[in-house]
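Chain A is the first sequence line, chain B the second, and so forth, proteins listed ahead of strands; every chain is numbered from 1.
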There are 2 protein chains.
Amino acid sequence: MCHTSGVSSERAAHLLRLSALFQAAPAADVQALAELARLRTLRRGDVLFHQGDAATHLYVVESGWLKVSKLAAHGQREVVLHLSGPRQMVSGVSVFVDNARYSASAAALEDAGVLTLSAEAVRHQTAQSPALAQAVIAHFAKRHVELLERFDDLLFSDLNARLARLLLEHAPPGTTLLLPTNSELAAHLNTVPELVSRKLGEFYRQGFISLERRTVRIVDEAALRSLGGP
Amino acid sequence: MCHTSGVSSERAAHLLRLSALFQAAPAADVQALAELARLRTLRRGDVLFHQGDAATHLYVVESGWLKVSKLAAHGQREVVLHLSGPRQMVSGVSVFVDNARYSASAAALEDAGVLTLSAEAVRHQTAQSPALAQAVIAHFAKRHVELLERFDDLLFSDLNARLARLLLEHAPPGTTLLLPTNSELAAHLNTVPELVSRKLGEFYRQGFISLERRTVRIVDEAALRSLGGP
DNA sequence: CGCTTCCTTGAGAGCAGTCAACCTTTGTGG
DNA sequence: CCACAAAGGTTGACTGCTCTCAAGGAAGCG
């Protein structure tokens, strides 16, 4: 599935210092963490951790993209909470809760490399370094606000609105976008692939977007905005 | 609407030290905050802050209960995110985001008293006191996990399951519970009062609960659990 | 070319939401 | 004590959105 290897502490320190979370922390603190870091390689589709697993590690993406998602109990339903790219932290939250389990799953969207840090080490370093603690607080606060926005999005909007907003965000008028699979879109919109297909078709027929193969371009921005607004 | 008054710093310090957030912090740090604290009195229904207001203050509940909820854009729809009672913090998150606005609203469920602390002062003290920073991190992490559980609840369960779980949680078998209004229940379940009425009626007719006036008691625990489980 | 995967489309079912009417309870003032 | 009003609760009929199932078509890859 995936592979863990040692990594020079200089390289790890370099990566950590670039990360959003650790860039504010003193070099010495980062160095201490870096010595303990390992680099793990993921292939597209590999799962970094499953929802419910004991939260033992914190990860920093080095390359590639991960998706963090929640899975419905029995069904196949999946909702994407967040995408994490280079320099971003994954699973920061669970690590700071006692005896926590991951409350979501993380998987690689493409081949990726992640630095793994043990929860214990991170907590210890954070307790030592006020600057690092500040950075963690700022990160959590930001993530929390993002999550609340997602709440609004998923609870108060119908599918037309969610899809319209997704298109406006990812394919700003004037640009073009190669769509991922309908399944992946569905996971972002909290729906099923069939509905994505239908709605895209409707938008096309109504002249809101142009659609060629899987390439989409916004034609009628105003229409999409009015769908996304209310 | 509501009333702000000075409060002796000894009393404020005492309250703060009892709060979940500040109990781990050094006395000197708490004292500094307490000098700046004011006590605000709310009457049932008063709104402490509205979603979208600039996030200028952090609040610690002294007495009474507040509900933190999100409101749908135009409609009347409301979803309760969290209830905060004595010693609990309200709006901790927004205060640590730059130029943030409250991402939810807070209102008093009953007459209440809250200590108000300026965002600036809290951020400053947190930067000074590592122990306080640790407490903030632990609090945020816990809140984040709670929010993700709410996600599951609202996105992956139908109304029967949500109501069943709410009943099991608030009226453990053997105990009895006086229900709030259907509107309030609806806000917890992300639905409308009519549906709450209907579902409670169904549960009663099926013999899952006993219902007299507004007093409910669980009769068939297994049935409710099986509704809440899948 | 055949396999697999994904996309598309139709038909139908179910849950949730809306609207409107009516009923119950509560509290107030005459 | 009654009359009344206001707030909340209940119920029925109806609509609409989303999901499911199933069949068939297009695209990518060996």
Side-chain angles (χ1 to χ4, degrees), chain A residues 44-45 71-79 109-110 153-167 177-206 208-216 227-228 230, chain B residues 44-45 71-79 109-110 153-167 177-206 208-216 227-228 230:
Chain A
R44 176 189 162 86
L71 301 169
H74 291 274
Q76 313 291 47
R77 200 65 164 272
E78 175 189 26
V79 176
L109 286 174
E110 51 189 71
D153 199 41
L154 293 176
L155 292 182
F156 295 143
S157 304
D158 66 9
L159 188 51
N160 281 322
R162 301 203 297 276
L163 178 56
R165 280 203 294 269
L166 184 144
L167 289 172
L177 172 68
L178 182 62
L179 292 174
T181 68
N182 284 351
S183 294
E184 285 178 45
L185 285 172
H188 285 272
L189 298 168
N190 188 29
T191 185
V192 293
E194 292 95 322
L195 276 256
V196 173
S197 177
R198 259 188 250 276
K199 292 298 181 187
L200 281 174
E202 285 174 21
F203 283 8
Y204 172 72
R205 254 168 266 126
Q206 293 176 290
F208 299 164
I209 59 176
S210 75
L211 196 53
E212 211 151 324
R213 302 274 185 173
R214 298 247 87 204
T215 299
V216 74
L227 274 183
Chain B
R44 177 188 161 86
L71 302 168
H74 291 272
Q76 312 291 48
R77 200 65 164 274
E78 175 190 25
V79 177
L109 286 175
E110 50 189 73
D153 199 42
L154 295 175
L155 293 181
F156 295 143
S157 304
D158 66 9
L159 188 49
N160 282 322
R162 300 203 298 277
L163 178 56
R165 279 202 294 269
L166 183 144
L167 289 173
L177 172 69
L178 182 63
L179 292 174
T181 67
N182 284 350
S183 294
E184 285 179 46
L185 285 172
H188 284 273
L189 298 168
N190 189 28
T191 184
V192 294
E194 291 96 322
L195 276 262
V196 173
S197 177
R198 258 189 250 275
K199 292 297 181 187
L200 281 174
E202 286 174 20
F203 282 9
Y204 172 73
R205 255 167 265 127
Q206 294 176 291
F208 299 165
I209 58 176
S210 75
L211 197 53
E212 212 152 323
R213 300 275 184 173
R214 298 248 87 205
T215 299
V216 75
L227 274 182

Engineer: When the distance from CG of A:Leu179 to P of D:dA26 is rounded to whole Å, what number comes out?
Structural biologist: 20 Å
Engineer: Mind checking A:Arg162 for me? I need base, sugar-phosphate or nothing, with any heavy atom below 4.0 Å counting as a touch.
Structural biologist: nothing
Engineer: Taking atom CZ of B:Phe156 as the centre, does the number of heavy atoms from other residues, nucleotides or ligands within less than 6.0 Å exceed 12?
Structural biologist: yes
Engineer: Establish, with yes or no, whether the OP1 or OP2 oxygen of D:dG9 is under 4.0 angstrom from a side-chain nitrogen or oxygen of B:Arg214.
Structural biologist: yes
Engineer: Please evaluate the base of D:dT20 for a donor-acceptor partner in the side chain of A:Arg198 within a cut-off of under 3.5 Å?
Structural biologist: yes
Engineer: Can you check the A:Leu211 CG to C:dC6 P distance for me, whole Å?
Structural biologist: 18 Å
Engineer: Starting at the 5' end of DNA chain D, which residue's closest nucleotide do you reach first, B:Arg213 or A:Asn160?
Structural biologist: B:Arg213
Engineer: Counting just side-chain N and O atoms, does B:Lys199 come under 4.0 Å of either OP1 or OP2 of C:dA16?
Structural biologist: yes
Engineer: Shortest non-hydrogen contact from A:Leu155 to B:Asn190?
Structural biologist: CD2-ND2, 3.6 Å
Engineer: Check the phosphate of D:dC19 against A:Arg77, side-chain N and O only, distance under 4.0 Å to OP1 or OP2. Yes or no?
Structural biologist: yes
Engineer: To the nearest Å, how far apart are A:Leu159 CG and D:dC17 P?
Structural biologist: 11 Å
Engineer: Assess whether side chain to side chain donor-acceptor pair (under 3.5 Å) is satisfied between A:Asn182 and A:Arg214, documenting all intermediate values.
Structural biologist: CA-CA 10 Å; A:Asn182 284 351; A:Arg214 298 247 87 204; 2.9 Å; yes
Engineer: Nearest to the A:Ser197 side chain among D:dT18, C:dT9, D:dT11, which nucleotide is it?
Structural biologist: C:dT9
Engineer: Nearest-Å distance, CZ (B:Phe156) to C1' (D:dC19)?
Structural biologist: 15 Å
Engineer: Can you tell me if the side-chain N/O atoms of B:Thr181 get under 4.0 Å from OP1 or OP2 in D:dA7?
Structural biologist: no
Engineer: Check whether any side-chain N or O of A:Ser183 sits under 4.0 Å from OP1 or OP2 of C:dC6, and answer yes or no.
Structural biologist: no
Engineer: Crowded around A:Arg44 CZ? As in, over 12 foreign heavy atoms under 6.0 Å?
Structural biologist: no
Engineer: Whole angstroms only, please: what is the CD-P distance between A:Glu194 and C:dG12?
Structural biologist: 17 Å
Engineer: Mind calculating the distance between CD (B:Glu202) and C1' (D:dT10) to the nearest angstrom?
Structural biologist: 13 Å
Engineer: Using a strict threshold of under 4.0 Å (side-chain N to carboxylate O), is an ion pair present between A:Glu202 and A:Lys199?
Structural biologist: yes
Engineer: From CG of B:Leu195 over to C1' of D:dC14, roughly how many Å is that when rounded to an integer?
Structural biologist: 14 Å
Engineer: Counting heavy atoms from C-beta on, name the nucleotide in C:dC15, D:dT11, D:dC19 closest to the side chain of B:Asp158.
Structural biologist: C:dC15
Engineer: Without decimals, in angstroms, what is the distance between B:Leu200 CG and D:dT11 P?
Structural biologist: 11 Å
